Trainee: 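Dropping a structure here in structure tokens format, bear with me for questions.
Proteins come first, then strands; the chains are lettered A, B, ... in the order of their sequence lines, and each starts at number 1. The model shown is predicted, which means the values in this text are computed figures rather than measured ones.
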Protein chains: 2
Amino acid sequence: MSALPQISEAEYEVMKIVWKYAPISTNEITEKLLETSSWSPKTIQTLIKRLVNKGVLTYEKESRVFVYTPLIQECDYIGQESKSFLDRFYGGNITTMLSSFIENDRLSESEINGLRSLLSESFHKEEN
Amino acid sequence: MSALPQISEAEYEVMKIVWKYAPISTNEITEKLLETSSWSPKTIQTLIKRLVNKGVLTYEKESRVFVYTPLIQECDYIGQESKSFLDRFYGGNITTMLSSFIENDRLSESEINGLRSLLSESFHKEEN
DNA sequence: CCTTAATTCTTACTGGTGTAATAGATATTA
DNA sequence: TAATATCTATTACACCAGTAAGAATTAAGG
């Protein structure tokens, strides 16, 4: 599993739309993004183009319009970013991360309870 | 709590040394970094300078040498980065993150156990 | 006091990112 | 088929980051 291409912050916003709605045209991407951002459509086109160049997106011509599909999966990308984040800041250890969150009171009681029940579920999963 | 300055990846390597050993001189920083990297001392000096410009480091002259001290705390910085990471990839929800880790089998049984015992400790802490 | 060696400051260059405008191609319509 | 409207491709530009070389300064030793 070689490293996936680097996706910048703005490009990632584009990818979130593509992952959700692919196959999707330039115009549709632009429409969706304009609901939550104020980028110029030109800017969005540039981002799409760069994603194609990087090998993150591919497209097919449908008459005059391009329709895009992702070449890499969202969960793979997020997985890679998560790993690199954990390595950088917590020595690759998620327990260290959680522990530091708890120590700095960044988790509410209900979040902690959510985590507990998640972990007990995954306990049962292992049992079967 | 206004946003802390942005620290780049290479700059962060410098900061790890400073946080650990401050107050520390340019030469000492360079020495430590050369144990684990192959940067030119010139490069390291540039990074230090940029950190000073950004307001992350301050220094005092000790005769001809500069001795540096951090202006921001490691845990504050890591906290900020963690928050922005969680927001970006998991909607700010650490339970979602953990859940996705478990789903994609990125956690070993022993890591899961570590998390469980961490959470039961923090349970007791809340009790007192 | 002047030279030298050590240290800091200034400048440089490439590549990526944010942000977009303009030019070029193509399909649709008059 | 020619003009127009719509897409896509090319070009632009400033700033940040990685990476470093060269210039300037300053302390110390002869």
Trainee: Could you work out, with side-chain hydrogen bond (donor to acceptor under 3.5 Å, both in side chains) as the rule, every residue matching A:Q45, not counting sequence neighbours?
Mentor: none
Trainee: Hey, where on DNA chain C does chain A first and last touch, going 5' to 3'? Cut-off is any atom under 4.0 Å from a heavy atom.
Mentor: C:dT17 to C:dT28
Trainee: Going by number, which of residues 40-50 of chain B have a non-hydrogen atom under 4.0 Å from DNA chain C?
Mentor: B:K42, B:Q45, B:K49, B:R50
Trainee: Rounded to the nearest Å, what distance is computed from the CG atom of residue A:N27 to the P atom of nucleotide D:dT6?
Mentor: 10 Å
Trainee: Tabulate below the donor-acceptor pairs under 3.5 Å that side-chain atoms of residues 73-87 of chain A make, not counting sequence neighbours, or state none.
Mentor:
{"unit_1": "A:Y77", "atom_1": "OH", "unit_2": "A:I7", "atom_2": "O", "d": "3.2"}
{"unit_1": "A:Q80", "atom_1": "OE1", "unit_2": "A:L4", "atom_2": "N", "d": "2.9"}
{"unit_1": "A:S82", "atom_1": "OG", "unit_2": "A:I78", "atom_2": "O", "d": "2.7"}
{"unit_1": "A:S82", "atom_1": "OG", "unit_2": "B:Y90", "atom_2": "OH", "d": "2.7"}
{"unit_1": "A:K83", "atom_1": "NZ", "unit_2": "A:D87", "atom_2": "OD2", "d": "2.7"}

Trainee: Taking side-chain hydrogen bond (donor to acceptor under 3.5 Å, both in side chains) as the definition, give me every residue that meets it alongside A:S38, ordered by chain and number, with sequence neighbours left out.
Mentor: none
Trainee: Using side-chain hydrogen bond (donor to acceptor under 3.5 Å, both in side chains) as the criterion, list what pairs up with B:S40, not counting sequence neighbours.
Mentor: none
Trainee: Counting only heavy atoms and a strict 4.0 angstrom limit, can you tell me which residues of residues 74-84 of chain B come near DNA chain C?
Mentor: none
Trainee: Show me the donor-acceptor pairs, under 3.5 Å and distance only, between side chains in residues 46-64 of chain A and residues at least two apart or in other chains.
Mentor:
{"unit_1": "A:T46", "atom_1": "OG1", "unit_2": "A:K42", "atom_2": "O", "d": "3.1"}
{"unit_1": "A:K54", "atom_1": "NZ", "unit_2": "A:Q6", "atom_2": "O", "d": "2.9"}
{"unit_1": "A:K54", "atom_1": "NZ", "unit_2": "A:E11", "atom_2": "OE1", "d": "2.7"}
{"unit_1": "A:K54", "atom_1": "NZ", "unit_2": "A:E11", "atom_2": "OE2", "d": "3.2"}

Trainee: Give the rounded distance in Å between these two atoms: NZ of B:K54 and C1' of D:dC16.
Mentor: 8 Å
Trainee: So how far off straight is the helix from C:dC1-D:dG30 to C:dA30-D:dT1, going by the axes through five pairs at either end, to 10°?
Mentor: 30°
Trainee: Taking all atoms of both residues into account, what is the closest heavy-atom pair of B:N93 and B:T95, and its distance?
Mentor: OD1-N, 2.8 Å
Trainee: For A:E28, give me all partners under salt bridge (Lys or Arg N to Asp or Glu O under 4.0 Å), at least two apart in sequence or on another chain.
Mentor: none
Trainee: I want to confirm an ordering. Mapping B:V65 and A:Q6 to their closest nucleotides on DNA chain C, which one lands closer to the 5' end?
Mentor: B:V65
Trainee: Can you tell me the distance, in whole Å, between the CD1 atom of B:I7 and the C1' atom of D:dC16?
Mentor: 14 Å
Trainee: Taking N or O atoms only and anything under 3.5 Å, show me the protein contacts with nucleotides 25-29 of chain D, one pair per line.
Mentor:
{"unit_1": "D:dA27", "atom_1": "O3'", "unit_2": "B:R64", "atom_2": "NH1", "d": "3.2"}
{"unit_1": "D:dA28", "atom_1": "OP1", "unit_2": "B:R64", "atom_2": "NH1", "d": "2.4"}

Trainee: From CG of A:L51 over to C1' of D:dT8, roughly how many Å is that when rounded to an integer?
Mentor: 16 Å
Trainee: Does A:R116 reach the main-chain N or O of B:L119 with its side chain, forming a donor-acceptor pair under 3.5 Å?
Mentor: yes
Trainee: Taking for each residue the nucleotide of DNA chain C bearing the nearest heavy atom, is the 5' side occupied by B:T26 or by A:S8?
Mentor: B:T26
Trainee: Whole angstroms only, please: what is the CE-P distance between B:M15 and D:dA17?
Mentor: 14 Å
Trainee: So, using side chain to side chain contact (heavy atoms under 4.5 Å, CB included) as the criterion, who are the partners of B:S108 when residues are at least two apart?
Mentor: B:S110, B:E111
Trainee: A:I29 versus A:F66: any side-chain heavy-atom pair under 4.5 Å?
Mentor: no
